[in-house]
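What follows is a set of notes on a single structure, which appears directly below.
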2 protein chains.
Amino acid sequence: MRIGQLADRAEISTATVRYYESIGLMPEAERTAGGYREYGPEDLERLLFVRDAQTAGLSLTQIGDVLTMKANGESTCGHTAELLRHHLADIDAQVVRLMATRAALQQLVSRAESLDPADCGDPNRCQVIASHAGDAHPHHGRRESLAVTNV
Amino acid sequence: MRIGQLADRAEISTATVRYYESIGLMPEAERTAGGYREYGPEDLERLLFVRDAQTAGLSLTQIGDVLTMKANGESTCGHTAELLRHHLADIDAQVVRLMATRAALQQLVSRAESLDPADCGDPNRCQVIASHAGDAHPHHGRRESLAVTNV
DNA sequence: CAAAGCCTTGAAGTCGGCTTGAGAGTATGC
DNA sequence: GCATACTCTCAAGCCGACTTCAAGGCTTTG
């Protein structure tokens, strides 16, 4: 099949397929007499794999690593599983961060809703978001909370 | 205070402060006779606000919007609250996606762990990640699951 | 045999949020 | 009066995963 059909089946653009080839994620395709790339079912497989691994959150580089190891006949299971475990931890951390942000946001929204709209007229008193005045922000740790003061 | 001190207090780099100025997020600072930027406490306030809003997940553009409205004396509360509510919804969607991905990953990891390591020697049989062969991927919806077949 | 539609290439652009570098001027302490 | 630290400007680079563009060549259909 040619690139258009392959792309359709994988639900990506032809440009993306060429891009993948350019970064080595897809092998260099064989060509027809006219110079068109010609693909087989295994190429679709590979693209679907890439998509799955992307869904799992792996970067194209990581996916390439797994694919390369596989091509080399190396034992991918161990490395792949480790990659996945790492990524699982990353996701957990990300969720924790998001939930903290969510809680802070929720507080702000609640505050905003409980405010007297009349107060909003005063440009110096929008109280929805603000930073702690005079709060000595301690070194380096990412802040996960928001304060409420005047903006 | 000069830019270095401001940056230290806000825990960002001087380059970032200048960058913020360049994109209009910080006002053009006053200058000393020697051409150095001179800042007051309100500038630190503003940077801290930016940081808080960033922590809440707002983009610099969104933060700029809020800041501009505030400068115009517009009622920021309504808009800000709406912005926040939108962002809250975004975060929820993001968490849902992450949790789905997490579940899929977890499955893969479990599968990887239950595999007989002996099977990993065979390059054609690493079963950790793979896409559904012959699965007719329905149009457009993001896939949130992973399948397990040969890679 | 021509129009339409698919394909080719390489380079450049996009997004967001910065960082880095070069080369030069300013301020401060001894 | 000089070393050192700080600051200036402007431009370019970086990350990841693409998308878009321009200017053509190949293939299929009528």
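Both backbone and side-chain heavy atoms feed into the values below; hydrogens, waters and symmetry mates do not. Here the structure is a predicted model, which is why all the values come from computation and not from measurement. Sequence lines set the chain letters: A, B, ... in the order given, protein chains first and strands last, and positions in each chain run from 1.
The CG atom of A/Leu6 sits 14 Å away from the C1' atom of C/dC7 (whole-angstrom rounding). B/Gln62 places its CD atom 15 Å from the P atom of C/dC15, with the value rounded to the nearest Å. C/dG21 atom C1' lies 13 Å from atom CZ of B/Arg18, rounded to whole Å. With rounding to whole Å, A/Glu38 atom CD is found 10 Å from C/dT8 atom P. Put simply, CD1 on A/Ile3 is 14 Å from C1' on D/dT19, counting in whole angstrom units. For the pair A/Leu25 CG and D/dG16 P, the computed distance is 13 Å after rounding to whole Å. Whole-Å rounding puts the B/Gln5 CD to C/dT28 P distance at 12 Å. Rounded to whole angstrom, the span from the CD1 atom of A/Ile63 across to the P atom of D/dA17 amounts to 8 Å.
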So which protein N/O to nucleotides 16-18 of chain C N/O distances come out below 3.5 Å?
{"unit_1": "C/dG17", "atom_1": "OP2", "unit_2": "B/Leu60", "atom_2": "N", "d": "3.3"}
{"unit_1": "C/dC18", "atom_1": "OP2", "unit_2": "B/Tyr20", "atom_2": "OH", "d": "2.9"}
{"unit_1": "C/dC18", "atom_1": "OP2", "unit_2": "B/Gln54", "atom_2": "NE2", "d": "2.6"}

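OP1 or OP2 of C/dC6 has not a single side-chain nitrogen or oxygen of A/Arg2 nearer than 4.0 Å. Phosphate proximity of C/dT9 to A/Arg31: present, with a side-chain N or O under 4.0 Å from OP1 or OP2.
Under a cut-off of 6.0 angstrom, the local environment of CD in B/Gln106 is crowded, with over 12 non-hydrogen atoms contributed by other residues, nucleotides or ligands. Atom CD of B/Glu28 is surrounded by 12 or fewer heavy atoms from other residues, nucleotides or ligands within 6.0 Å.
A 4.5 Å side-chain heavy-atom check between B/Arg51 and B/Glu11 finds at least one atom pair inside the cut-off. Counting heavy atoms from C-beta outward, B/Val50 and B/Leu60 have side chains that approach closer than 4.5 Å. When side chains are defined from C-beta on, A/Glu42 does not count as touching A/Arg46, because their heavy atoms never get closer than 4.5 Å.
Taking every side-chain heavy atom of B/Tyr36 into account, D/dC8 is the closest of C/dC6, C/dT19, D/dC8.
Heavy atoms of A/Arg37 sit under 4.0 angstrom from primed sugar atoms or phosphate atoms, though from no base atom. Nucleic acid contact class of B/Ile23 (heavy atoms, under 4.0 Å, all strands): none.
With B/Ile3 as the fixed residue, the side chain to side chain contact (heavy atoms under 4.5 Å, CB included) test singles out one of B/Thr14, B/Asp8, B/Asp43: B/Thr14.
The CZ atom of A/Arg2 sits 12.5 Å away from atom CZ of A/Arg31, with the distance rounded to the nearest 0.5 Å.
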